[in-house]
Q: 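To start, I am sharing the structure in question, which I have written as structure tokens.
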Protein chains: 2
Amino acid sequence: MEALKILVADDEFRIRKLVRDYLVKSGYEVLEAADGEEAMDLFYSHKDIALLVLDVMMPKLDGWKVCEEVRAVSKVPIIMLTARSEERDELKGFALGVDEYISKPFSLKVLVARISAILRRVGGTEPEEKLSYRGIEVDRTAHRVFVDGEEIELSYKEFELLCFFMENKGIALSREKILNSVWNFDYYGNARTIDTHVKKLRSKIGPKGDYIRTIWGMGYKFEGEE
Amino acid sequence: MEALKILVADDEFRIRKLVRDYLVKSGYEVLEAADGEEAMDLFYSHKDIALLVLDVMMPKLDGWKVCEEVRAVSKVPIIMLTARSEERDELKGFALGVDEYISKPFSLKVLVARISAILRRVGGTEPEEKLSYRGIEVDRTAHRVFVDGEEIELSYKEFELLCFFMENKGIALSREKILNSVWNFDYYGNARTIDTHVKKLRSKIGPKGDYIRTIWGMGYKFEGEE
DNA sequence: TGCATTTGTGTTGATTTTGTGAAAAAAAGG
DNA sequence: CCTTTTTTTCACAAAATCAACACAAATGCA
């Protein structure tokens with residue numbers, strides 16, 4: 001299957017890198033633009049872009065302008081990134097045909113979730129709403145977790161963390177990766193906070209806590225083949 | 001079972017998006033048109049459209065014209081969307097065979113309710129007019145609610161909210177989702193108003209109030225398996 | 001073994017989110 | 001109009017979560 005192309009336009013290199021890496025890992029192909037003009041250039045030179053992620057605030061041509069220009073010729077889905085502070089101009093956005101807003105800071109998990117939701121709607125594949133592995137069952141829709149058939153209560157972060165682990169069964173995850181995916185990208189705190197969450201998660205899922213393995217000097221891994 | 005096709009014609013992208021998303025979630029298939037001509041094109045190119053939702057005010061060919069053209073060849077149900085300001089021309093509408101009017105702004109719940117009511121009348125599937133779960137009984141037709149056999153009084157919004165919860169048993173609902181479904185789509189107020197309504201609802205349904213669970217950092221969920 | 005580094009864990013204060021009562025605003029009914 | 005009801009906003013209280021810290025335990029390495 002062909003990888004879908006996503007154009008990411010943001011003037012902050014750091015954000016582009018984070019988003020790009022995560023999207024690539026999620027199986028998309030990524031084009032990057034550092035400002036609005038670059039975005040338009042890329043848009044015109046690639047005929048098969050599946051979705052655009054635009055920062056509102058960009059040099060040369062801001063997100064709104066890019067959106068407007070693109071909409072003049074195409075119905076490709078557009079996601080707008082807005083700073084939390086700047087009031088999202090819902091009306092303006094909807095008039096311009098913005099499909100979705102995401103406020104900075106966001107977590108990459110959320111961004112990718114929205115992206116795949118939109119692409120799925122436009123006509124693609126269904127992502128997994130229920131995860132399960134050896135006695136652990138996670139129902140994302142209901143936001144419920146069962147261990148050996150018994151429900152357990154998890155906090156928001158714990159839930160997100162568990163999902164992330166289960167989505168990446170058998171893959172060694174560095175603390176940095178975990179932070180970048182489950183936490184908002186503007187979180188510059190101590191990476192050890194992950195340890196605390198892992199601790200709570202392990203204790204809450206009881207005996208199955210062993211599935212979360214420590215990789216010394218590296219991070220964690222959720223047990224599992226593939 | 002085949003999903004019923006609904007054609008939605010409105011020049012505002014935002015409204016199309018909201019309506020489309022909600023209808024898709026309700027199990028319908030949706031075709032979209034941004035103006036009257038597009039609507040006619042789609043109508044002619046799809047033989048099995050079950051119902052049309054037409055905005056009165058549309059570029060190129062307005063809702064009345066589309067209605068007239070469609071009626072010349074088909075008896076498919078038609079719902080007209082009118083702006084609150086513009087007087088609905090009831091006579092004109094009935095002459096043209098409009099099945100139902102809905103004034104903007106409307107809530108998606110209402111729109112879908114009317115749609116399924118019409119489709120049922122025409123001879124389709126029977127949707128739930130009476131909801132009940134563990135001692136809570138809701139009669140939508142009569143707009144009455146019973147808790148353990150005793151009737152309780154709910155305001156309009158409270159009633160709608162309760163129905164929405166009961167229709168989505170076991171599904172984690174974000175405040176955004178709730179707003180988009182139960183409130184009119186032009187409501188840009190504080191999402192905390194939901195909290196207030198939840199509070200009143202909980203207190204009015206007494207001990208059963210526990211069924212409405214808070215999902216911290218996320219929203220609410222009505223208890224229930226499935 | 002001993003040392004340096006990394007991870008596990010209990011605790012705690014700060015932060016965020018939700019609950020709640022009351023006031024303000026808006027709608028509905030006379 | 002004025003009254004009554006409903007809906008929304010606001011402010012503060014209560015609750016839950018989170019991040020940081022400190023120290024213990026475990027691990028890797030020489």
Side-chain angles (χ1 to χ4, degrees), chain A residues 84 103 105-107 143 145 152-162 164-165 172-180 182-206 209-222, chain B residues 84 103 105-107 109-110 143 145 152-165 172-206 209-222:
Chain A
R84 181 193 284 162
S103 292
F106 49 83
S107 78
H143 218 267
V145 178
I152 58 166
E153 304 278 339
L154 294 185
S155 80
Y156 181 76
K157 273 270 149 63
E158 287 156 10
F159 187 86
E160 290 293 314
L161 189 59
L162 178 59
F164 185 65
F165 275 134
L173 302 162
S174 69
R175 288 190 173 66
E176 198 198 350
K177 269 187 194 163
I178 298 173
L179 273 190
N180 280 335
V182 180
W183 270 257
N184 291 334
F185 61 69
D186 71 338
Y187 175 73
Y188 288 115
N190 196 327
R192 293 290 317 275
T193 192
I194 293 173
D195 299 32
T196 303
H197 281 275
V198 167
K199 173 192 59 176
K200 299 211 73 181
L201 201 49
R202 276 174 172 160
S203 77
K204 285 196 182 179
I205 61 181
D210 299 340
Y211 293 178
I212 303 171
R213 298 272 274 273
T214 302
I215 302 180
W216 218 86
M218 204 273 183
Y220 295 97
K221 184 180 78 172
F222 192 84
Chain B
R84 182 193 283 160
S103 292
F106 49 84
S107 80
K109 270 183 66 67
V110 167
H143 217 268
V145 179
I152 58 168
E153 302 279 336
L154 294 185
S155 79
Y156 178 76
K157 273 272 148 63
E158 287 156 10
F159 185 84
E160 290 294 313
L161 188 59
L162 178 59
C163 287
F164 185 64
F165 274 134
L173 301 163
S174 69
R175 288 189 172 67
E176 199 195 350
K177 267 188 194 160
I178 297 174
L179 273 190
N180 279 333
S181 313
V182 179
W183 270 256
N184 291 333
F185 58 70
D186 69 341
Y187 175 76
Y188 287 115
N190 196 328
R192 292 292 315 274
T193 192
I194 294 172
D195 300 33
T196 303
H197 281 274
V198 166
K199 174 190 59 177
K200 299 210 76 182
L201 202 50
R202 276 174 172 160
S203 76
K204 285 196 182 177
I205 61 181
D210 298 341
Y211 293 177
I212 303 171
R213 296 271 279 272
T214 302
I215 302 180
W216 219 87
M218 207 271 181
Y220 294 97
K221 185 179 76 175
F222 192 84

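Computed from a predicted model, the values in this text were never measured in an experiment. Values below: all heavy atoms of this structure, side chains included; hydrogens, waters and symmetry mates excluded.
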Q: Hey, does A/E176 have a side-chain heavy atom less than 4.5 Å from the side chain of A/L179?
A: no
Q: Could you run through nucleotides 19-24 of chain C and give me one letter per nucleotide, 5' to 3': B if any protein heavy atom sits under 4.0 Å from the base, S if only the sugar-phosphate is that close, - if neither?
A: BBB---
Q: Please give, in whole Å, the distance from C/dT7 P to A/R213 CZ?
A: 15 Å
Q: Given that A/G189 and B/T193 both sit by DNA chain D, which one's nearest nucleotide is further toward the 5' end?
A: B/T193
Q: Do B/I215 and B/Y220 have side chains that get closer than 4.5 Å, going by heavy atoms?
A: no
Q: Would you name the heavy atoms of A/R213 and A/R202 that are closest together and state the gap between them?
A: C-NH2, 3.9 Å
Q: Quick check on B/K200: does its NZ atom have over 12 non-hydrogen neighbours (other residues, nucleotides or ligands) under 6.0 Å away?
A: no
Q: Kindly check if the number of other-residue, nucleotide or ligand heavy atoms within 6.0 Å of OH (A/Y156) is above 12?
A: no
Q: How close do B/K204 and B/S155 get, heavy atom to heavy atom, and via which atoms?
A: NZ-N, 4.2 Å
Q: Between A/N184 (CG) and C/dT15 (P), how many Å, whole number?
A: 17 Å
Q: Write down the distance between CG (B/N190) and C1' (C/dA25), rounded to a whole number of angstrom.
A: 14 Å
Q: If we only count heavy atoms from C-beta on, is the A/F164 to A/E160 side-chain gap below 4.5 Å?
A: no
Q: Answer with base, sugar-phosphate or nothing: what part of the nucleic acid does A/S155 contact at a heavy-atom distance below 4.0 Å?
A: sugar-phosphate
Q: Classify B/I215 by what it touches in the nucleic acid, base, sugar-phosphate, or nothing, heavy-atom distance under 4.0 Å.
A: sugar-phosphate
Q: How far apart are the closest heavy atoms of B/L161 and B/V182, and which atoms are they?
A: N-CG1, 4.1 Å
Q: Parallel, tilted or perpendicular: which describes the rings of A/F222 and A/F165, with under 30° parallel and over 60° perpendicular?
A: parallel
Q: Find the distance B/K157:NZ to C/dA25:C1' and express it as a whole number of Å.
A: 14 Å
Q: On DNA chain D, which is the earliest and which the latest nucleotide, 5' to 3', with an atom closer than 4.0 Å to a heavy atom of chain A?
A: D/dT17 to D/dG28
Q: Need the bend value for the helix from C/dT1-D/dA30 to C/dG30-D/dC1: angle between end axes, 5 pairs each end, nearest 10°.
A: 40°
Q: Side chains of B/R175 and B/D195: closer than 4.5 Å at any heavy-atom pair?
A: yes
Q: Under 30°, 30 to 60°, or over 60°: which ring-plane class applies to A/H197 and A/W183, parallel, tilted or perpendicular?
A: perpendicular
Q: To the nearest Å, give me how far apart CH2 (A/W183) and C1' (C/dT16) are.
A: 16 Å
Q: Check every strand shown and say whether A/Y187 touches a base, only sugar-phosphate, or nothing at a heavy-atom separation below 4.0 Å.
A: sugar-phosphate
